[in-house]
Asker: 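Right, I'll just put the structure down here and ask away after.
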Amino acid sequence: MRIATWNINGIKARLELLVTWLSQEKPDIVVLQEIKSVDEGFPRAEIEALGYNVETHGQKSWNGVAILSLLPFDEVTRGLPGDDSDEQARLIEGVFSVESGAIRVCGIYLPNGNPVESEKFPYKLAWMRRLEAYVAERLLLEEPFILLGDFNLIPAPIDAHDPKAWWGDALYRPESLERFRTLSNMGMTDALRATTSEEAYTFWDFQAGAWRRNAGIRIDHLMLSPQAADRLDDVRVHKDVRGWEKPSDHVPVEGQFSF
DNA sequence: ATGTCCAAGCATCTTGGA
């Protein structure tokens, strides 16, 4: 089974790109971030035409997440618990049946957190604390649980072309990395790093010729419960998609599993 | 030095967000 994450940066502007990629790759499950659309505005018919079941958790203008799946959904959960005043659409989870039982796939768009001096940075850290509580509950289920998406976090120096330039940014500073490490310490495995110690960027800014200079960062991750990590075969970053017509600034990252 | 792109609105540019 192939399970992918992709920050699409606007579903309406990228529909053609997404349809091309889905038709070519036919992944089983895809989580999308930054759909920048309300649920009613999501172009579900075009994606359903490719055989996908579609569940969205959108909002106007910003954020918004979705799951596309060739398998039918057994359950869908929208939103991260822990703060009733939080109206940002950043989490959607689906449960699917496979031969060995159930798998749980949770797509997230973790807050960017910049500028660090603004209220956005404490919101990011608080969101990550809430995510830890959520993950702790999921781990108790002892099922294959795949937490994937745009984490807006650079885990280590190898994950940036110019780590010194990023140090201090909300994506790469001690408070953020401490929260990310906590997820690891709880038992969630960084799938890409379980398969390679090579550079593997997933984002290249639209600005400053970042793609041309390969000035990328790795911020899109698959984090796996032990039961999911046991079934991981490989991880593939679809780097070539960044060079396609009218690309997103992120590329798809795909985990291959023996489910 | 700055370089880009998307969504939305009392709109055809401006603004906020990344």
Side-chain angles (χ1 to χ4, degrees), chain A residues 5-21 31-44 46-47 56-66 80 86-92 107-128 131 148-155 159-173 175-177 179-180 201-221 238-253:
Chain A
T5 175
W6 194 4
N7 180 322
I8 198 74
N9 194 350
I11 187 62
K12 297 176 190 99
R14 309 289 179 218
L15 182 57
E16 196 178 327
L17 182 79
L18 176 64
V19 165
T20 301
W21 185 75
V31 300
L32 300 175
Q33 302 87 40
E34 283 203 88
I35 62 173
K36 297 185 179 179
S37 170
V38 293
D39 295 332
E40 305 76 51
F42 192 91
R44 59 166 51 235
E46 290 87 338
I47 295 165
T56 62
H57 181 40
Q59 69 178 86
K60 200 162 91 172
S61 304
W62 299 304
N63 309 320
V65 288
L80 178 63
D86 184 2
E87 294 181 347
Q88 300 188 29
R90 296 179 174 276
L91 182 149
I92 186 167
I108 62 167
Y109 176 46
L110 208 147
N112 176 296
N114 284 304
V116 171
E117 306 75 29
S118 73
E119 76 289 348
K120 292 177 181 176
F121 188 57
Y123 173 71
K124 175 179 194 159
L125 295 178
W127 202 93
M128 293 187 77
L131 182 65
L148 74 174
D150 177 357
F151 281 65
N152 272 313
L153 276 157
I154 300 169
D159 298 315
H161 178 260
D162 184 0
K164 286 196 195 75
W166 283 96
W167 189 244
D169 188 281
L171 278 61
Y172 189 51
R173 58 185 291 118
E175 303 94 321
S176 309
L177 294 181
R179 299 269 57 78
F180 187 72
Y201 305 143
T202 65
F203 167 94
W204 296 260
D205 203 302
F206 287 124
Q207 300 188 61
W211 170 242
R212 177 177 46 77
R213 298 186 292 117
N214 192 32
I217 51 178
R218 187 174 75 93
I219 55 176
D220 299 273
H221 308 302
H238 291 243
K239 184 175 179 178
D240 61 304
V241 176
R242 186 62 177 80
W244 290 10
E245 280 294 306
K246 215 166 174 262
S248 169
D249 39 7
H250 298 249
V251 297
V253 183

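What's counted below: heavy atoms across the whole structure, side chains too, no hydrogens, waters or symmetry copies. Quick note on labels: first sequence line is chain A, next is B, and so on, each numbered from 1.
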Asker: Find which nucleotide of DNA chain B each of A:Lys12 and A:Asp249 is nearest to by heavy atoms, and output the residue with the more 5' nucleotide.
Answerer: A:Lys12
Asker: In whole angstrom, give the distance that lies between atom CD1 of A:Ile35 and atom C1' of B:dA7.
Answerer: 13 Å
Asker: If I pick the P atom on B:dG16 and the same atom on B:dC10, what distance separates them, to the nearest angstrom?
Answerer: 15 Å
Asker: Would one find more than 12 heavy atoms of other residues, nucleotides or ligands at under 6.0 Å from atom CD of A:Glu175?
Answerer: yes
Asker: The side chain of A:Ser61 is closest to which nucleotide in this list: B:dG3, B:dA8, B:dA18?
Answerer: B:dA8
Asker: Distance check needed: B:dG16 P versus A:Glu34 CD, whole Å only.
Answerer: 18 Å
Asker: Mind checking the P distance from B:dA1 to B:dC13? Whole angstroms is fine.
Answerer: 31 Å
Asker: Side-chain N or O of A:Arg14 versus OP1/OP2 of B:dC5: is the shortest distance under 4.0 Å?
Answerer: no
Asker: In whole angstrom, give the distance that lies between atom CD of A:Glu245 and atom C1' of B:dT4.
Answerer: 15 Å
Asker: Take the protein atom CH2 of A:Trp211 and the nucleotide atom P of B:dG3, then report the distance between them rounded to whole Å.
Answerer: 22 Å
Asker: Between B:dA8 and B:dG3, how far is it from one C1' atom to the other, in whole Å?
Answerer: 25 Å
Asker: Does the cation-pi check pass for A:Arg173 over A:Phe121, that is, NZ or CZ under 6.0 Å from the six-membered ring centre and within 45° of its axis?
Answerer: yes
Asker: Tell me the interatomic distance from A:Trp204, atom CH2, to B:dA18, atom P, rounded to whole angstroms.
Answerer: 21 Å
Asker: Within the structure, does a side-chain N or O atom of A:Lys246 lie under 4.0 Å from either OP1 or OP2 of B:dC5?
Answerer: no
Asker: Measure NZ/A:Lys36 against P/B:dT15 and give the value in whole Å, please.
Answerer: 18 Å
Asker: At under 4.0 Å between heavy atoms, what does A:Ala13 touch on the DNA or RNA strands: base, sugar-phosphate, or nothing?
Answerer: sugar-phosphate
Asker: Give me the one residue out of A:Phe151, A:Trp167, A:Phe180 that meets ring-ring contact (aromatic ring centres under 6.0 Å, His included) with A:Tyr172.
Answerer: A:Trp167
Asker: Between B:dG9, B:dG16, B:dA18, which nucleotide has the shortest distance from any of its atoms to the side chain of A:Lys60?
Answerer: B:dG9
Asker: Tell me the interatomic distance from A:Phe206, atom CZ, to B:dG17, atom P, rounded to whole angstroms.
Answerer: 18 Å
Asker: Contact class for A:Tyr109 (heavy atom, under 4.0 Å): base, sugar-phosphate, or nothing?
Answerer: sugar-phosphate
Asker: Taking the side chain as every heavy atom from C-beta outward, state whether A:Asn9 and A:His250 have any atom pair closer than 4.5 Å.
Answerer: no
Asker: Just call it for A:Arg212: base, sugar-phosphate, or nothing, with non-hydrogen atoms closer than 4.0 Å on any strand.
Answerer: base
Asker: Strictly under 6.0 Å, is that where the ring centroids of A:Trp21 and A:Trp244 end up?
Answerer: no
Asker: When the P atoms of B:dC6 and B:dT2 are considered, how many whole Å apart are they?
Answerer: 23 Å
Asker: Roughly how many Å is it from CG in A:Asn152 to C1' in B:dG17, rounded to a whole number?
Answerer: 12 Å
Asker: Atom CG of A:Leu32 and atom OG of A:Ser37: how far apart are they, to the nearest 0.5 Å?
Answerer: 11.5 Å
Asker: Reading DNA chain B from 5' onward, which residue's closest nucleotide shows up sooner: A:Ile11 or A:Asn114?
Answerer: A:Ile11
